[in-house]
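As C-alpha cells, the structure follows; a few thoughts come after it.
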Amino acid sequence: MTKSVNLSVDIGGLKINNPITTASGTYGFGREYENYMDISKLGAIMVKGLTLRPRKGNKTPRVVETASGMLNSVGLENPGVEYFVENELPYLKKKGVTVIANISGNSIEEYCEMSRILDKTSCDAIEMNISCPNVKQGGVAFGTDKDVVLKITKKVRKYLTKPLIVKLSPNVTDIKEIAVSAEKGGADGISLINTLLGMAVDIKTRRPILRNNVGGLSGPAVKPVAIRMVWQVKSAVNIPIIGMGGISSVEDIIEFLLVGASAVSIGTANFINPKISLELLEELEKYLIENDIRDVNELVGQIKIY
Ligand SMILES: Cc1cc2nc3c(=O)[nH]c(=O)nc-3n(C[C@H](O)[C@H](O)[C@H](O)COP(=O)(O)O)c2cc1C
C-alpha cells in the first residue's frame with residue numbers, strides 16, 4: 001500500500017494543494033508552459049508582474065547569464081492589469097490553477113487601484129511586489145524603507161478581501177524590520193527574495209552588458225542569501241513565508257522549509273528545465289514518504305540552530 005502524505009499548505013488564508021509555486025516573471029501567464037506540463041498540478045502560479053497600464057519594459061540586452069545565475073533588467077514588460085483580467089485570468093481559472101496576481105506600481109495610488117480591480121476578479125491572492133530593481137520609479141524604492149512598507153501595505157490592504165502577500169527586496173540592510181512593517185500593515189504572507197542588484201561588464205567594449213547598466217541577480221548564486229533572509233524573517237513575524245531564490249533541487253526546497261518557508265517558488269530554474277516545478281513536487285512527495293514525514297508542514301521552521 002502506498003503511503004499518503006499531506007502536501008497542502010495555508011498561506012495566510014490561501015489554501016494551496018502543495019507548496020510548489022512558480023515565481024513571478026519566470027512563468028509568464030502559464031500558457032508558455034502548457035506544452036510541457038499540467039499546470040493545474042502546481043500549488044499556484046505567480047503571474048508576471050502586472051502594472052496599471054501596459055509596459056514595454058527596458059531596452060535590450062536585458063538578460064545575461066552569470067556564474068550560477070543570471071542578471072535581468074526586463075523592467076516589468078506586461079500587457080497591463082485590465083488585459084490580464086480579460087484575457088489571461090479566465091484561461092488560467094479554466095485550467096483550475098490557483099492564481100496569485102503579482103502587482104507593481106509607480107505610486108501607492110496605482111497599487112491601490114490595481115488591488116481594487118483584482119479584488120473583484122477570480123484571482124486567488126495578490127502578491128505586492130515592492131522590490132523590483134529594474135524600474136526607475138517605485139519598485140524597490142517602496143520596499144527598502146520600513147515606514148513606506150507599513151504605509152503602502154496598510155493602504156493596499158483596505159482594497160482587498162483576498163489574501164495579501166508582500167514580496168520583499170533583499171537589497172536592504174535589515175530584512176527583519178521590513179518584514180515586521182509588512183505584517184503590521186496587514187500582510188497575510190511574505191514572499192522573499194526578489195533579485196539582488198548586480199552588474200556585468202563587457203571588457204571589450206568596456207560597457208555594461210545590460211542596456212539598463214544594472215539588473216537583478218537570480219538563480220543558485222543567490223540561494224544562501226535567500227535562505228539566510230527567510231530564516232531571519234521567520235523569527236521576526238508570525239505570518240507565513242513563501243521562500244524563493246535559486247531553487248533547483250528537492251534538497252533546496254527542504255532547506256527553505258527548514259528555515260521557515262511554508263511554501264516555495266521556482267524561478268530561474270524554469271528557464272533551464274520547464275518541467276522542473278512538477279518534477280520537484282514528485283521528488284518532494286517521495287522524500288516525505290521515504291523519511292516517514294506525514295505532513296509537509298512538519299518540516300517548516302525545524303532547523304536546529306547552534
Ligand atoms: C527574468 C525575470 C523576471 C522577473 N520578473 C519579476 C516580476 O515581474 N515580479 C516579481 O515580483 N519578481 C520578478 N522576478 C523575480 C523572481 O520572481 C524571483 O523572486 C527571483 O528571481 C528569485 O528566484 P530564482 O532565483 O528562483 O529565480 C523576476 C525574475 C527573473 C529572473
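For this chain, numbers begin at 1 and follow the sequence in order. One-based numbering, in listed order, for ligands and for the atoms of each.
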Specify the protein heavy atom at minimum distance from [atom]: its residue, its atom name, and the distance to 0.1 Å.
atom: atom 7 (C) of ligand 1; value: Ser24 OG, 3.4 Å
atom: atom 15 (C) of ligand 1; value: Asn194 OD1, 3.4 Å
atom: atom 5 (N) of ligand 1; value: Lys48 NZ, 3.2 Å
atom: atom 24 (P) of ligand 1; value: Gly246 N, 3.4 Å
atom: atom 21 (O) of ligand 1; value: Ser218 CB, 3.3 Å
atom: atom 2 (C) of ligand 1; value: Asn72 ND2, 3.4 Å
atom: atom 12 (N) of ligand 1; value: Lys167 NZ, 3.0 Å

* Residues Lys162, Asp119: salt bridge by 4.0 Å N-O rule ->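 Result for this pair is no, no salt bridge flagged.
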* **N-O pairing of Lys275 and Asp38 below 4.0 Å** => no
* Is Gly267 in polar range of ligand 1, meaning some N or O pair under 3.5 Å apart? ->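 It does: an N or O of Gly267 is found under 3.5 Å from an N or O of ligand 1.
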* Do any nitrogen or oxygen atoms of Gly49 come within less than 3.5 Å of a nitrogen or oxygen of ligand 1? ->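 Yes.
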* Asked: Touching ligand 1 at all, Leu192? Heavy atoms, strictly under 4.0 Å?
  ->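 No.
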* Asked: Heavy atom of Ala269 under 4.0 Å from ligand 1?
  -> no
Please tell me whether [X] and [Y] have a donor and an acceptor in their side chains that are separated by less than 3.5 angstrom.
X: Tyr91; Y: Glu34; result: yes
X: Thr22; Y: Ser277; result: no
X: Ser73; Y: Asn212; result: no
X: Ser104; Y: Thr51; result: no

* What do you reckon, is OH of Tyr159 surrounded by more than 12 foreign heavy atoms closer than 6.0 Å? -> no
* Asked: Where's the contact between Asn102 and ligand 1, heavy-atom distance under 4.0 Å: side chain, backbone, both or neither?
  ->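 Contact part for Asn102 vs ligand 1: side chain (C-beta onward).
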* For ligand 1, which atoms, with element, lie under 4.0 Å from some heavy atom of Leu76? ->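 Those atoms are 8 (O).
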* To do: Would you mind finding which of Thr268, Leu71, Ile193, Val225 brings a heavy atom closest to atom 20 (C) of ligand 1?
  =>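 Heavy atom nearest to atom 20 (C) of ligand 1 belongs to Ile193.
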* To do: Report the member of Gly25, Ala23, Ser191, Pro170 with the shortest heavy-atom distance to atom 3 (C) of ligand 1.
  =>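 Among Gly25, Ala23, Ser191, Pro170, the closest heavy atom to atom 3 (C) of ligand 1 comes from Gly25.
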* With Glu113 via salt bridge (Lys or Arg N to Asp or Glu O under 4.0 Å) - residues at least two apart ->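 Salt bridge (Lys or Arg N to Asp or Glu O under 4.0 Å) check on Glu113 returns Arg116.
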* **Leu150 with Ile152, same ILVMFWY side-chain cluster at under 4.5 Å** =>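 Cluster IDs for Leu150 and Ile152 differ.
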